[in-house]
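First listed ligand is number 1; within each ligand, the first listed atom is number 1. For clarity, every value in this text was computed on a predicted model and none was experimentally measured.
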Amino acid sequence: MTPSSRHYDIVIAGGGLCGASLACALSKGGKRVLVVESVALDSDVQPAYDERTVALTYSSRNVFSALGMWGEIEQVGAQPIHDIHVSSRGGFGQTHLSCHDAGQEALGYVIPVRNIGRVLWEALSQSEAIEIQCPASVVNARVEQAYCQIDIVHGSEAGRVTAELLVVADGGRSRLAQILGYAVSTKPYEQSAILSIVRTDQPHHGRAYERFLEDGPIALLPHRINRKSRGPDADACHFAMVWTTRNADVRQRLSLNDEAFVDLLQSAFGDRAGSFADASPRKSYPLSRIRVDCPAMKRSVLLGNAAHTVHPVAGQGFNLGLRDVACLAYLISESGLVLGSTEMAREYVRFRRRDAWAVESFTHTLIQAFSNSMAPVSWARNAFLLAIEHLLPAKRMLLKRTMGLNAMPQKLTSGIPIQ
Ligand SMILES: Cc1cc2nc3c(=O)[nH]c(=O)nc-3n(C[C@H](O)[C@H](O)[C@H](O)COP(=O)(O)OP(=O)(O)OC[C@H]3O[C@@H](n4cnc5c(N)ncnc54)[C@H](O)[C@@H]3O)c2cc1C
């Protein structure tokens with residue numbers, strides 16, 4: 001078959017956080033781009049833009065600044081994280097990371113994903129360079145020598161387009177990655193994350209908490225309820241809670257009424273953040289680790305969760321995906337490599353493999369080491385927290401990782417726009 005009249009430079013399958021961010025990064029580069037997204041943005045079942053919040057690192061903020069979107073994201077509600085307190089229940093070790101140690105105004109920002117989605121999709125809908133098909137799904141893809149052939153279903157209509165490059169951004173457990181023959185390794189954690197917005201009787205002052213328990217960590221991220229307020233929030237007592245829970249306990253925890261859930265949280269977390277007063281309806285997400293050693297081939301690239309899904313313990317998944325975006329946007333727009341070529345695929349793998357491996361290993365090790373109750377392991381993790389607290393070079397290393405500044409810098413992650 002020869003390339004159809006519906007031929008694109010780039011087709012992005014999946015308009016979630018990573019796919020939509022890449023489309024925005026490419027919107028001024030003169031390329032013909034099509035974004036295909038299965039679920040309407042305003043649908044209650046849109047999986048990518050639900051009621052979750054994410055912690056964005058400083059380097060992710062740079063990406064959105066370079067795309068000219070940070071001002072708007074901040075305006076719809078970004079709560080700066082000024083410091084993070086890390087502790088282990090029943091242990092002597094704890095550490096405290098502060099933005100002052102890093103010489104920055106914030107270590108990161110907590111933002112509802114729905115708000116990020118709204119800003120990204122508004123920009124996409126105003127861009128003349130980006131074509132959108134939504135709701136529509138990429139149902140099949142085949143790589144030919146000169147192009148990638150892509151089958152799309154839109155309601156009851158089926159169509160076919162071709163592209164120089166197919167970007168697979170359809171999330172974890174990617175069907176398209178399987179269809180294209182990528183070697184994907186998936187390992188369920190036998191854990192789920194229970195999410196809720198909880199309120200305490202004390203202002204959070206921009207402090208986040210990570211508390212490790214034997215059966216999984218509890219993260220509390222400072223949350224801004226008053227979305228318009230950019231200054232001090234009068235009601236700054238809310239946290240976005242992520243409680244990693246063994247699958248065997250999830251149903252029981254979800255069935256608790258508000259009062260019983262708040263009591264359980266209080267006894268598990270302690271009173272470091274104050275007394276928990278109430279909790280919004282709970283929702284759970286099963287957790288898996290997904291890794292693809294070679295996330296690009298001729299004419300196709302895996303982006304974001306399709307390439308790597310990590311445990312949310314350190315809030316790194318989307319941040320890692322945004323670094324994929326920064327790298328791919330550079331390779332497409334400025335590297336001079338032929339779009340969709342084997343050389344471009346090789347460079348993408350070379351740039352991205354190490355960062356993805358480092359984040360996966362870091363988050364996986366955290367989960368393994370901090371959920372082990374054996375005495376030597378418990379002693380070692382407390383010693384680790386103490387060492388971080390007292391050894392400045394170790395603390396600086398952790399600060400860099402927390403802020404996303406340890407990966408190989410790209411133009412976008414340094415806040416510099418792509419031409
Ligand atoms: C509980 C929890 C907390 C988290 N906290 C953080 C955090 O604090 N910080 C952080 O950085 N990350 C965090 N993450 C991770 C982050 O949410 C993900 O890394 C990020 O959402 C991945 O984005 P994505 O675009 O790759 O995939 P997704 O968000 O899954 O988007 C995939 C999109 O593709 C669409 N799609 C699927 N199949 C097709 C198809 N065939 N054709 C067209 N479209 C298709 C879907 O509808 C969806 O919109 C967290 C994750 C969880 C579960």
Discussion item. ring-ring contact (aromatic ring centres under 6.0 Å, His included), that's the test. Do W70 and Y109 meet it? Break it down for me.
Written reply: CA-CA 11 Å; W70 178 250; Y109 300 84; 4.9 Å; yes
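In terms of polar-atom proximity, defined here as any N/O pair under 3.5 Å, G315 does make such a contact with ligand 1. Residue-to-ligand polar distances keep V54 apart from ligand 1: every N/O pair is separated by 3.5 Å or more. Polar contact check, G304 against ligand 1: no nitrogen or oxygen pair lies under 3.5 Å apart. Between A55 and ligand 1, at least one N/O pair is under 3.5 Å apart. Polar contact with ligand 1: present for L17 (N/O pair, distance under 3.5 Å). The shortest N or O to N or O distance between V138 and ligand 1 is below 3.5 Å.
Looking only at heavy atoms of the protein, atom 27 (O) of ligand 1 is closest to G171 CA, 3.6 Å. Scanning all protein heavy atoms for the shortest distance to atom 34 (O) of ligand 1 gives G14 CA, 3.3 Å. For atom 51 (C) of ligand 1, the closest non-hydrogen atom on the protein side is R52 NH1, 3.7 Å. Protein heavy atom at the shortest distance from atom 38 (N) of ligand 1 is D170 CB, 3.3 Å. Protein heavy atom closest to atom 29 (O) of ligand 1, with residue, atom name and distance, is A48 CB, 3.4 Å. The protein non-hydrogen atom at the shortest distance from atom 3 (C) of ligand 1 is P312 CB, 3.7 Å. Given atom 40 (C) of ligand 1, the protein heavy atom at minimum distance is S38 OG, 3.5 Å. Of all protein heavy atoms, the one closest to atom 47 (O) of ligand 1 is E37 OE2, 2.7 Å.
Residue R401 places its CZ atom among more than 12 non-hydrogen atoms of other residues, nucleotides or ligands, all under 6.0 Å distant.
For H85, the ring-ring contact (aromatic ring centres under 6.0 Å, His included) test picks out no residue, with sequence neighbours left out. A296 pairs by the side-chain contact (heavy atoms from CB on, under 4.5 Å) definition with V301, A345, Y348, V349, not counting sequence neighbours.
Residue A193 approaches ligand 1 through these ligand atoms, each under 4.0 Å from one of its heavy atoms: 1 (C). For ligand 1, the atoms sitting less than 4.0 Å from at least one non-hydrogen atom of Q46 are 49 (O), numbered in the order shown with element in parentheses. Every atom of ligand 1 is numbered from 1 in the order shown, and the set under 4.0 Å from a heavy atom of V36 is 43 (C), 44 (N).
By the criterion of a heavy-atom distance under 4.0 Å, the side chain of L195, and not its backbone, is placed next to ligand 1. At a 4.0 Å heavy-atom cut-off, ligand 1 does not touch A20 at all.
H364 and Y189 have their aromatic ring centers within a separation under 6.0 angstrom. Under the 6.0 Å cut-off for aromatic ring centres, Y209 and F269 qualify, their centroids lying closer than that.
Comment: R118 does not engage D42 in a salt bridge, judged by the lack of any side-chain N to carboxylate O separation of less than 4.0 angstrom. With respect to E105 and R61, a salt bridge is recorded, a charged nitrogen being found less than 4.0 Å from a carboxylate O. Using a 4.0 Å cut-off between charged side-chain N and carboxylate O, E144 and R299 make no salt bridge. A salt bridge is defined here as a Lys NZ or Arg NE, NH1 or NH2 lying under 4.0 Å from an Asp or Glu carboxylate O, and K283 with D50 meets this definition.
Remark: R199 fails to qualify as a cation-pi partner of F276 under the 6.0 Å distance and 45° angle criteria applied to the six-membered ring. The cationic group of R114 does not satisfy the cation-pi geometry with Y49, failing either the under 6.0 Å distance to the six-membered ring centre or the 45° limit from the ring axis.
Applying side chain to side chain contact (heavy atoms under 4.5 Å, CB included) to S60 and the options I111, T413, I116, L322 leaves one that passes, L322.
The shortest separation from a heavy atom of R175 to ligand 1 is not under 4.0 Å, leaving the residue out of contact. Contact annotation: G321 has no heavy atom less than 4.0 Å from any atom of ligand 1.
Of the candidates L302, N305, L56, N305 brings a heavy atom nearest to atom 19 (O) of ligand 1. For atom 32 (C) of ligand 1, the nearest non-hydrogen atom from the set A169, A240, G317 comes from A169. Considering only non-hydrogen atoms, atom 23 (O) of ligand 1 lies nearest to C18 out of C18, S137, A141, G16.
The shortest distance between side-chain heavy atoms of H205 and P222 does not fall below 4.5 Å.
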